[in-house]
2 protein chains.
Amino acid sequence: MPPKKKTKVDPPQSSSDEGNSDHSGNKSANKPKRVRKKSAKATITENENKTSKTLQNKTTTEFLNQDFNNVSKTVDGENWNLKIASWNVDGLRAWIKKGGLDYLHHENPDILCLQEIKCSKSKLPPEVEVPGFHRYWNSSEADGYAGLGLYTKVKPESISYGIGIPDFDKEGRLMIAEYEKFYLVNVYVPNAGRKLVTLDKRLQWNPKFQELVKDLDSKKPVIICGDMNVAHQEIDIANPKSNKRNAGFTQEERDGFSELLKSVSLTDGFRHKYPDVKGAYTFWTYMANARKKNIGWRLDYCLLSEKLSSNFCDCCLRSEVFGSDHCPVVSFFHM
Amino acid sequence: MPPKKKTKVDPPQSSSDEGNSDHSGNKSANKPKRVRKKSAKATITENENKTSKTLQNKTTTEFLNQDFNNVSKTVDGENWNLKIASWNVDGLRAWIKKGGLDYLHHENPDILCLQEIKCSKSKLPPEVEVPGFHRYWNSSEADGYAGLGLYTKVKPESISYGIGIPDFDKEGRLMIAEYEKFYLVNVYVPNAGRKLVTLDKRLQWNPKFQELVKDLDSKKPVIICGDMNVAHQEIDIANPKSNKRNAGFTQEERDGFSELLKSVSLTDGFRHKYPDVKGAYTFWTYMANARKKNIGWRLDYCLLSEKLSSNFCDCCLRSEVFGSDHCPVVSFFHM
DNA sequence: CGTGGAAGG
DNA sequence: CCTTGCACG
């Protein structure tokens, strides 16, 4: 460095950077808009050609420490012989990397309904192929948004897609698999959005969906699995008071759900079996360590035609299965 | 599962998914647009609450296996006493996570010029503060794009920002630090873009830059450090033939560089010292393992006024320092 | 907080 | 291939 005789070497200021306020160009420097909180949680492993990033939320499931079996029976004492699982995976590709398909193997359901795969058909990774299961997809037109998947051991008699409203159907929000004794509806109900910006659209879903289910139910009993994007009652959400004007717990959405159950005579499998159980949720925001603190919402359901009441055995929320901000919901039937 | 007496359980097809071609909505399913190749390179460490993602490119530097010292002298036999480093970091925040600041400590230059910090001032992480250095920033108005940083042990007599063309100056492409005996120009020359879409803009830079440097040079000698975004001669690029119509090696860009050196009487420090050394690059695309194969470009330079020829000792390309798709360029002077 | 895609390189 | 902001949840 050129030894500057006149100017003493100033110690740099310890807390602020020296700036370019005159014509630097960055006008917004003083009013931070949305500071990323992701920042510096990375650790570097010396001498290894990789970066390992510590995620804040738990992503791995201890499959061996939990029991995926079930000894439930119907009211008439019949053992279950049909297991249907449902999971909003919040991005199928990330979910696979976090071991999501291991869940399929450990749970070993007859049917697995997936929601929010966020993956167009052409981008499905090869691992989605699982021997022993037929696979069906209803991807969104918009890449990386919404979308459904279905794994099934028995090939359905038929599959159909969509609810009959183009705006919804191009998003991959509904598929119907017809089996011998029932219709299975795999559904991902639209979200009302931050600040309820899409509440109108959300509420357009309800009558059409109700009509569709009613129509199906007039032909064969119906089992609906999926993310209904609403916590039905106060018991279904950790903070009912503060969420009354938030997406997923507005009166309009809750009423729509009640109306659906009533008008088609559907049963909420989990709540039917466990009418008073509190703290039973299927979704926790990734933020603020909500899952660890069980600040959750019950948004994912198995609903069944009343005609299937005598076939219903149990419905479990797999809150110890990780890999998404939702957990799987598993239902047991004797058919 | 309902035992279906009539329908035999079909084995699922082994290679293709069963589809929704009728009214599924995903019209582009058969013509993949841009398939992510990142896909399934993740490894899951059981029982650890994190995901470790193996990056394809090397990101960690073995600082202890290399010598950041230098025994070069001026032509007159004087030892160097000023070290200036320059590095296009391709995203300051990612670079920091990859240990970029460790380089500052190991190299310990008097001045470090950074280019492409891709970070507005308000989003600079706290770690950028390094005791013993003054810091200056020239961030782009557009968040996450271009931008410069400067670390300096001695506080400059003055700092100025921009070249005098608003379109460039709002992008954080030039800063000038005035020291007692020279001007230091930290620069990130605009890229001509894929398919040369911004070649016109790129070429507008040259005359203005030349004029500015010439003007500075008339007052004090100049040292220019940064990413000139051009490989000057065939020796400065691994594949000259196939890149003649690609950004960074068009005749127009190369001629502009020649013209700059000639009109201001500047010396390309590295090439001056090593006129015949081949395979000496400062940039390798992340794609196709280019760096491992040394398929690179020399885009980063230290240029000096001819008046400083007797002060110049050496210029080194730190090709074994990782953390960006560019490597640092270090120059040694006796002042 | 985390997923996926877009622009830019 | 990799970084950044962005939309969405």
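In this text the structure is predicted, and so the values were computed from the model without any measurement. A, B, ... follow the sequence lines: proteins, then strands. Residue 1 opens every chain. All values below were derived from every heavy atom in this structure, side-chain atoms included, with hydrogens, water molecules and symmetry-related copies excluded.
- A:K292 and A:E320 are not joined by a salt bridge, as no carboxylate oxygen comes within less than 4.0 angstrom of a charged side-chain nitrogen.
- Which of D:dG9, C:dG9, C:dG2 sits closest to the side chain of B:E116 comes down to C:dG9.
- Every residue two or more places apart in sequence or in another chain was checked for a side-chain hydrogen bond (donor to acceptor under 3.5 Å, both in side chains) with A:R254, and none qualifies.
- Take B:N294 and apply the side-chain hydrogen bond (donor to acceptor under 3.5 Å, both in side chains) test, not counting sequence neighbours, and it matches B:W284.
- The side chain of A:K98 places an N or O atom within less than 4.0 Å of a non-bridging phosphate oxygen (OP1 or OP2) of C:dT3.
- Atom CG in B:L114 sits roughly 14 Å away from atom P in D:dT4 (whole-Å rounding).
- In this structure, B:D227 places its CG atom 14 Å from C1' of C:dG8, rounding to the nearest Å.
- Here C:dG9 presents its C1' atom at 14 Å from CG of B:N243, a figure rounded to the nearest Å.
- Rounded to an integer number of Å, the gap from A:D143 CG to C:dA6 C1' is 11 Å.
- Heavy-atom nearest nucleotides on DNA chain C were determined for A:Y286 and for A:Y145, and the one closer to the 5' end corresponds to A:Y286.
- If you check D:dG9, D:dT3, C:dG2 against the side chain of B:K118, the one that comes closest is D:dT3.
- Distance CZ (A:R173) to P (D:dC8): 11 Å, rounded to an integer number of Å.
- One interatomic measurement links the two molecules: NZ of B:K97 to C1' of D:dT4, which rounds to 11 Å at whole-angstrom precision.
- Atom-to-atom distance recorded for B:R135:CZ and B:L124:CG is 9.0 Å, nearest 0.5 angstrom.
- When each of A:V230, A:N246, A:N191 is paired with A:E253, the side chain to side chain contact (heavy atoms under 4.5 Å, CB included) condition holds for A:V230 and for no other.
- In the region residues 189-199 of chain A, proximity to DNA chain C at under 4.0 angstrom, judged on heavy atoms, holds for none of the residues.
- Minimum atom distance to the side chain of A:M287 is reached by D:dG9, of the listed D:dG9, C:dG2, D:dC1.
- A straight line from CZ of A:F249 to C1' of D:dG9 spans 19 Å, rounded to a whole angstrom.
- Partners of B:Y281 according to the side-chain hydrogen bond (donor to acceptor under 3.5 Å, both in side chains) rule, which considers only residues two or more places apart in sequence or in another chain, do not exist here.
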- So what is the 5' to 3' dot-bracket string for DNA chain D, if pairs are Watson-Crick or G-U wobble with both distances under 3.5 Å, crossing pairs use [ ] and | means the partner sits on another strand? ||||.||||
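- Note on B:K201 versus B:D167: no salt bridge recorded, every NZ/NE/NH1/NH2 to OD/OE distance being 4.0 Å or above.
- Contact annotation: B:K123 does not reach the phosphate of D:dT4 (side-chain N/O to OP1 or OP2, under 4.0 Å).
- The phosphate of D:dC2 (OP1 or OP2) has a side-chain N or O of B:N57 nearer than 4.0 angstrom.
- Using a 4.0 Å cut-off between charged side-chain N and carboxylate O, A:R291 and A:D325 make no salt bridge.
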- Task: Evaluate the ring pair (Phe, Tyr, Trp, His ring centres under 6.0 Å) criterion for residues A:Y301 and A:F257: first the C-alpha distance (whole Å), next the side-chain angles of each, then the deciding distance (0.1 Å), finally the verdict.
- Result: CA-CA 11 Å; A:Y301 297 84; A:F257 191 88; 4.7 Å; yes
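- Applying the side-chain hydrogen bond (donor to acceptor under 3.5 Å, both in side chains) criterion to A:D200, with sequence neighbours excluded, gives no partner residue.
- Counting only heavy atoms from C-beta on, B:A94 has its side chain closest to D:dT4 among D:dT4, C:dT3, C:dC1.
- Remark: P of C:dG4 and CG of A:L92 are 8 Å apart, rounded to the nearest angstrom.
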